[in-house]
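Letters go in sequence order (proteins before strands), and every chain restarts at 1.
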2 protein chains.
Amino acid sequence: MEEIKDTEKQILNAAKEIFLQKGFDGARMQDIADKAGINKAMLHYYFRSKDRLFESVFRELTSNIFPKLFQSLMSEMPFEEKLKSIVNNYMDFLVINPDLPLFVFREINSNPERIANILKDVVKIDDFKNQLKGNVDNAISESGLENIDATQVVLTLLGACIFPAIAKNLIKIVFKMTEDDYVDLMIKRKEQLPKILINGLKK
Amino acid sequence: MEEIKDTEKQILNAAKEIFLQKGFDGARMQDIADKAGINKAMLHYYFRSKDRLFESVFRELTSNIFPKLFQSLMSEMPFEEKLKSIVNNYMDFLVINPDLPLFVFREINSNPERIANILKDVVKIDDFKNQLKGNVDNAISESGLENIDATQVVLTLLGACIFPAIAKNLIKIVFKMTEDDYVDLMIKRKEQLPKILINGLKK
DNA sequence: GTCTATAACCTGATAGAC
DNA sequence: GTCTATCAGGTTATAGAC
């Protein structure tokens, strides 16, 4: 019993690392087995196929962040507080999981069908659009900010947080940063972003 | 003569499409040949290997945009003008080439060595960091804007432009957009972004 | 549950005729 | 230059012993 769960967990952890870095197409079952310290046949014993293993990994990786993010976006707070809380929570998450956004966007682009099937369960998209728009529109108007499209605001907010994670490796190369430099950049960004964004949206 | 160039061009165009969508690992030489309307053996006749074909494609795709973007960032204009011109030029480019940023970041993450070799020629990174920082710092202080880290400004600017391109397919799903809706979103964004960003950086 | 060995398949690359 | 046929190597997946 204990050993079952343990092996399964080891496989999942190893698979997460490999899939996150290499993507579905670049990942090798052999590499996952090696990293998990077990045999290749075990992967199939526990997860039957590469597709199913990937699905489990994707589900585990995204099941937390999607609802959490949507929940933050939909919460009934004053705009400025809301924005600060999203930036704070999401940036903290991204410092710990910098590879996740690129992973998600990569898989959506290279194999939309596979992801569409998984996303159905993870996110209930139906009329999310309208709910979000109404919520953000309200928050904006109540705050006396410029009347600007809610979609544009959300994209600017998310882009400001997520882009530095997606571009992490290029940033480190171009600006000659160590890992510590990068983390420092992200932590400082948590304070500066709300200022930039809130100011920018004022009339 | 004419036919040589023609076939080579057909291959490159087909390879661009496939590599952009699937990435190096997901791309199949057979699919590229099919899309080019020629035989698989021809790919090797003209480009010798998948690696070399990819290198040609990557070079062609990035040779324009990297220098152009860096040049814009380094130009000696007042901050507001500079920002507007970057947003305008870059957003136009991204509407036509929405897949390119994700392609670049994906390849950097899944196979850093391959890209590092190619990037050496395309971008001369040496002390780009200092030049950029100095240039942006000057632009900011001359404009009487808040004293904010140049790196953060550049990241916010680029993220605001690039993120909607990277997230294109997810955006279309979540907000139930058609291709036309998306293009419209990006065009409107060109006008709204400078306002948001400039305002946000003022004291 | 775990392992070794191997099957079945796919993919990049080449040989050789035209 | 272009094609067909095929090789060589690697990858997922399974069979079967323990």
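Summarising the geometry, the separation between NZ on B:Lys50 and C1' on C:dT11 is reported as 8 Å, rounded to the nearest angstrom. Protein atom CZ of A:Phe47 is 12 Å distant from nucleotide atom P of C:dT2, rounded to whole Å. Note: CZ (A:Arg52) to P (D:dT12) measures 17 Å, nearest angstrom. Rounding to whole angstrom units, CE of residue A:Met42 and C1' of D:dA13 are separated by 13 Å. As rounded to whole Å, 16 Å separates atom C1' of C:dG12 from atom CD1 of B:Ile18. The separation between B:Leu43 atom CG and D:dT2 atom C1' is 12 Å, rounded to whole Å. Counting to the nearest Å, the P atom of C:dG12 and the CZ atom of B:Phe54 are 14 Å from each other. Regarding B:Tyr45, its OH atom lies at a distance of 15 Å from the P atom of C:dA15, rounded to whole Å.
Listed by chain and residue number, nothing satisfies the ring pair (Phe, Tyr, Trp, His ring centres under 6.0 Å) test with B:Tyr90 (two or more places apart in sequence, or in another chain). For A:Lys190, the salt bridge (charged side-chain N to carboxylate O under 4.0 Å, His left out) partners are A:Asp92, not counting sequence neighbours. A:Phe175 pairs by the ring pair (Phe, Tyr, Trp, His ring centres under 6.0 Å) definition with nothing, not counting sequence neighbours.
In this structure, A:Glu179 pairs ionically with A:Lys168, as a charged nitrogen and a carboxylate oxygen lie closer than 4.0 Å.
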Distances under 3.5 Å between nitrogen or oxygen atoms of protein and nucleotides 4-7 of chain D:
| unit_1 | atom_1 | unit_2 | atom_2 | d |
| --- | --- | --- | --- | --- |
| D:dT4 | OP2 | B:Asn39 | ND2 | 3.0 |

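Nearest to the side-chain atoms of A:His44 among the listed nucleotides D:dT12, C:dT2, D:dG1 stands D:dT12.
Contact annotation: A:Tyr46 side-chain N/O to C:dT2 OP1/OP2 distance is under 4.0 Å. Within the 4.0 Å cut-off from OP1 or OP2 of C:dG1, not a single side-chain nitrogen or oxygen of A:Thr7 is found.
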Please output the side-chain donor-acceptor pairs of residues 68-81 of chain A that fall under 3.5 Å, not counting sequence neighbours, one pair per line with the distance.
| unit_1 | atom_1 | unit_2 | atom_2 | d |
| --- | --- | --- | --- | --- |
| A:Ser72 | OG | A:Lys68 | O | 3.1 |
| A:Ser75 | OG | A:Ser72 | O | 3.1 |

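The six-membered or imidazole ring of B:Phe103 lies away from that of B:Phe19, with a centre-to-centre distance of 6.0 Å or more. If you look at A:Phe163 and B:Phe163, their ring centroids are not closer than 6.0 Å.
Residues from residues 23-35 of chain B lying near DNA chain D, meaning a heavy-atom separation below 4.0 Å, are absent.
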task = Before giving the answer on salt bridge (charged side-chain N to carboxylate O under 4.0 Å, His left out), spell out for A:Asp149 and B:Lys188 the whole-Å C-alpha distance, their side-chain angles and the decisive distance to 0.1 Å.
result = CA-CA 10 Å; A:Asp149 184 5; B:Lys188 285 192 181 134; over 6 Å; no
request  = Starting from the C-alpha separation in whole Å, work towards a yes-or-no answer on side-chain contact (heavy atoms from CB on, under 4.5 Å) for B:Leu61 and B:Leu20.
outcome  = CA-CA 9 Å; B:Leu61 285 174; B:Leu20 273 174; 3.9 Å; yes
